[in-house]
Amino acid sequence: MNIKENVPISELTTMRLGGKARYVIEIQDLKDIPTAYNFAAEKKLPTWIMGGGANTIGQDAGFAGVILLNKLKGIEVVSETSDEVVVRAMGGEIWDDLVDFTCERGYSGIEALSKIPGTVGAAPVQNIGAYGQDIATVIESVEAWDRESHELIILSNTEMQMSYRSTIFNTGKDTGRYFIVAVNLILANDGHMQPPFYNALQKYIDTHKITDFSPMSIRKIVSEIRAEKLPDPAVEASAGSFFKNIFVTDDEAAAVTAAGIKVWEKENGKKMINSGYLIEGAGLKGKELHGMKVSDKAALVLINKSAKSYADLDAARTEIRNAVQEKYGFMLEQEPVEIPTGVK
Ligand code: EPU
């Protein structure tokens, strides 16, 4: 087991902010999990689980605790019939490597989730979704270490209570209880996505007159759309979408429609608006605030250009929230999670 001390959280997260974590332990083997939790318990320190740090923000005071980095590796096909396949991926795998693995074999279900930064273990935590697919619809189960019962358990799809960016892993009393060991996905063998596609995807398909909807073809399209619109965290510091989109009531929908904001009807009949349009409407698209830039391609994304601290991010975030609240009356909710400082 690899234990490091006083590691800057800025080096572990794609937003590249945050002070030092007292300890960082790399979990490379199943047996490292209880050992790491025991280590933290002996030192009476809190713990925090992290994958690629692509959706995590560190604060300036750092973390007076133990960060467990999920480095568990492995991807395998567990079972396969002519129309269905179960793929098991370990939590420390890079999410996009898993998407590539499945597309290579012609399995459909996560191809539109191509190029989402981060690890497999982080994917179910926030219920990742993009371009008309989300992990909630294909996830069969999650294998996890339960900190309360001190054993490996299996959580079924329904037990994870997945809704928009919310699951039992990040919401409610069981937040932080489970260390995700592996994810089991049920994908379509030989199937593919059907038109009509999600707006941006459909536009690309129409413009380029694409007729191949195979998983690998969709993967290529989504990769191009994302490369055009979203910053590559390896090049520019960012945590992807910084704010959540907003579900609105019928009355609110009527009001924002009158204000020129597009309202989307989601599968469950709920209405959603894009927070990026609100930020743009508030005149902030492309603006740099306290070293944080509101992306000029996707206003929902904040890019850390020259922010030195979490305090800078906090100041930028407050200005954006206030501007949107003043103009439209909605309070934006942050999408990435924040490591508590752990100071008691
Ligand atoms: N929309 C539809 N149907 C469509 C097109 C758009 O319902 O055919 C809705 C979306 O639900 C959203 C709005 O329209 O309310 C705008 O969607 P857009 O594609 O412009 O993307 P976004 O809101 O900027 C979201 C995700 C991204 C994901 C894209 C593409 C969040 C917070 N962000 O961003 O995820 O890549 O959609 O699907 O949900 C991330 O979470 O870091 C991330 C990049």
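Atoms within a ligand are numbered from 1 in the order they appear, just like the ligands themselves. Small disclaimer: the values here were computed from a predicted structure and weren't measured. Heavy atoms only: backbone and side chains are in, while hydrogens, waters and symmetry mates are out.
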From atom 6 (C) of ligand 1, work out which of Phe197, Tyr198, Phe242, Tyr131 has a heavy atom at the shortest distance. Tyr198
To which protein heavy atom is atom 3 (N) of ligand 1 closest, and what is the distance rounded to 0.1 Å? Trp264 CE3, 3.3 Å
For Ala130, the atoms of ligand 1 under 4.0 Å from one of its heavy atoms are 28 (C), 36 (O), 38 (O)
Gly240 heavy atoms, cut-off 4.0 Å: which ligand 1 atoms fall inside? 42 (O)
heavy-atom search around atom 44 (C) of ligand 1 in the protein gives Ser241 OG, 3.4 Å
Measure from atom 29 (C) of ligand 1 to the protein's non-hydrogen atoms and state whether any distance is below 4.0 Å. no
Looking only at protein heavy atoms, which one is nearest to atom 24 (O) of ligand 1, and what is the separation? Leu300 CD2, 3.6 Å
Stepwise side chain to side chain contact (heavy atoms under 4.5 Å, CB included) check, Met292 with Lys305: CA-CA 6 Å; Met292 300 294 309; Lys305 285 281 181 194; over 6 Å; no
N/O separation below 3.5 Å, Arg165 to ligand 1: yes
Side chains of Ile303 and Glu236 in contact at under 4.5 Å (non-hydrogen atoms): yes
Is it the side chain, the backbone, both or neither of Gln126 that has a heavy atom closer than 4.0 Å to ligand 1? neither
Using the six-membered ring wherever Trp is involved, compare the ring planes of Tyr198 and Trp264 and label them parallel, tilted or perpendicular (cut-offs 30° and 60°). parallel
List, one per line, each side-chain donor-acceptor pair under 3.5 Å for residues 60-70, sequence neighbours excluded.
residue, atom, partner, partner atom, Å
Asp60, OD1, Tyr310, N, 2.6
Asp60, OD2, Tyr310, N, 3.3
Asp60, OD2, Ala311, N, 3.2
Asn70, OD1, Leu72, N, 3.1
Asn70, OD1, Gly92, N, 3.2
Asn70, ND2, Ile180, O, 2.8

How about NZ on Lys244, more than 12 heavy atoms from neighbouring residues, nucleotides or ligands closer than 6.0 Å, or not? yes
Which residue supplies the protein heavy atom nearest to atom 32 (C) of ligand 1, what is that atom called, and how far is it? Tyr164 OH, 3.3 Å
In this structure, is the centre-to-centre distance between the rings of Phe197 and Phe213 below 6.0 Å? yes
Side chain, backbone, both or neither: which part of Arg226 has a heavy atom under 4.0 Å from ligand 1? side chain
Sub-4.0 Å heavy-atom contact, Phe243 with ligand 1: yes
Distance from atom 7 (O) of ligand 1 to nearest protein heavy atom, with residue and atom: Lys266 NZ, 2.8 Å
Ion pair check, Arg321 and Asp314, cut-off under 4.0 Å: no
Sub-4.0 Å heavy-atom approach of Lys229 to ligand 1: yes
Looking just at side-chain N and O atoms, do Ser149 and Glu151 make a donor-acceptor pair shorter than 3.5 Å? yes
Measure Asn199 to ligand 1 on non-hydrogen atoms and call it side chain, backbone, both or neither using the 4.0 Å cut-off. both
Ion pair present between Arg105 and Glu111, side-chain N to carboxylate O less than 4.0 angstrom? no
Whether over 12 other heavy atoms sit under 6.0 Å from Tyr277 OH: no
Which residues satisfy the side-chain contact (heavy atoms from CB on, under 4.5 Å) test with Asn170, sequence neighbours excluded? Val125, Gln126, Ser166, Thr167
Can you tell me which residue and heavy atom of the protein come closest to atom 25 (C) of ligand 1, and the distance to 0.1 Å? Asn245 ND2, 4.0 Å
Which of the atoms in ligand 1, numbered in the order shown and given with their element, are less than 4.0 Å from a heavy-atom of Met272? 11 (O), 15 (O)
